[in-house]
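Residues take their numbers from the sequence shown, with the count starting at 1.
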Amino acid sequence: MSTQTAWPTGVIARYLTVGGATVDLTHRLTVHNPPKPFATLASCAGCPATEEVSHYRTNWGDEDRDPDAADEDARIWAQEHAETCRAIPKPA
């Protein structure tokens with residue numbers, strides 16, 4: 001990828017894969033508690049790989065919402081995937 005392009009609406013982070021595709025992080029909404037996002041989704045544009053990390057953590061029976069921890073976990077997955085994915089982006 002030699003030119004910069006605008007990120008799609010809702011993308012909070014983007015990683016470039018070895019093959020030139022991108023791995024985008026977005027927040028997913030739920031019908032159970034709108035308008036708060038319930039998960040961070042990392043999805044590769046070059047292959048079908050995705051990782052969804054819940055914003056909710058269970059701590060001894062209590063449920064806490066922690067979007068920052070979910071974002072961090074999704075970023076780690078996206079970086080690891082981007083370092084090894086050789087899929088090329090689908091032509092426009």
Side-chain angles (χ1 to χ4, degrees):
M1 183 179 281
S2 58
T3 60
Q4 274 191 326
T5 58
W7 288 8
T9 302
V11 172
I12 59 171
R14 179 170 261 195
Y15 295 81
L16 184 63
T17 69
V18 176
T22 57
V23 180
D24 291 341
L25 270 62
T26 57
H27 287 148
R28 292 179 53 105
L29 299 176
T30 176
V31 296
H32 301 291
N33 62 344
K36 295 179 183 176
F38 77 96
T40 302
L41 177 68
S43 57
C44 182
C47 76
T50 61
E51 178 74 6
E52 185 176 281
V53 184
S54 176
H55 286 190
Y56 293 93
R57 305 287 196 249
T58 302
N59 184 15
W60 296 98
D62 294 328
E63 196 172 74
D64 296 321
R65 185 169 181 271
D66 192 352
D68 292 336
D71 287 355
E72 181 60 26
D73 290 348
R75 287 175 190 272
I76 291 168
W77 182 90
Q79 178 65 45
E80 289 174 354
H81 180 76
E83 289 173 355
T84 60
C85 182
R86 297 198 178 334
I88 60 173
K90 183 178 180 179

**Q** Looking at side-chain heavy atoms only, is the closest gap between P8 and R14 below 4.5 Å?
**A** yes
**Q** Going through the distances and angles, do D71 and T40 end up as a side chain to side chain donor-acceptor pair (under 3.5 Å)?
**A** CA-CA 6 Å; D71 287 355; T40 302; 2.5 Å; yes
**Q** Minimum heavy-atom separation for L16 to A21, with atom names?
**A** CD1-O, 3.3 Å
**Q** Kindly determine whether T84 and V18 satisfy side-chain contact (heavy atoms from CB on, under 4.5 Å), including the steps that lead there.
**A** CA-CA 6 Å; T84 60; V18 176; over 6 Å; no
**Q** Within the 4.5 Å heavy-atom criterion, are H81 and Y15 side-chain neighbours or not?
**A** no
**Q** Flag the pair E52 / F38 as yes when at least one side-chain heavy-atom distance between them is below 4.5 Å, and no otherwise.
**A** yes
**Q** Return the minimal non-hydrogen interatomic distance between T17 and C85, and the atom names on each side.
**A** CB-O, 3.6 Å
**Q** Look at atom CD1 of I88 and say whether more than 12 heavy atoms of other residues, nucleotides or ligands are closer to it than 6.0 Å.
**A** no
**Q** Going from OG1 on T50 to CG on D24, what distance comes out if it is rounded to the nearest 0.5 angstrom?
**A** 12.5 Å
**Q** Return the minimal non-hydrogen interatomic distance between P89 and G19, and the atom names on each side.
**A** CD-O, 3.7 Å
**Q** Which atom pair, heavy atoms only, marks the closest approach of A39 to H55?
**A** C-NE2, 3.3 Å
**Q** What heavy-atom pair brings G10 and T26 nearest, and what distance separates the two atoms?
**A** O-CG2, 3.6 Å
**Q** Is there a path from L25 to W77 through hydrophobic residues (I, L, V, M, F, W, Y) whose side chains come within less than 4.5 Å of each other?
**A** yes
**Q** Atom CD of E51 and atom CD of E80: how far apart are they, to the nearest 0.5 Å?
**A** 10.0 Å
**Q** For a quick test of reading the model, state the closest non-hydrogen atom pair linking A70 to S54 and the distance between them.
**A** CB-O, 3.4 Å
**Q** Any chain of hydrophobic side-chain contacts (each under 4.5 Å) joining V23 to I12?
**A** yes
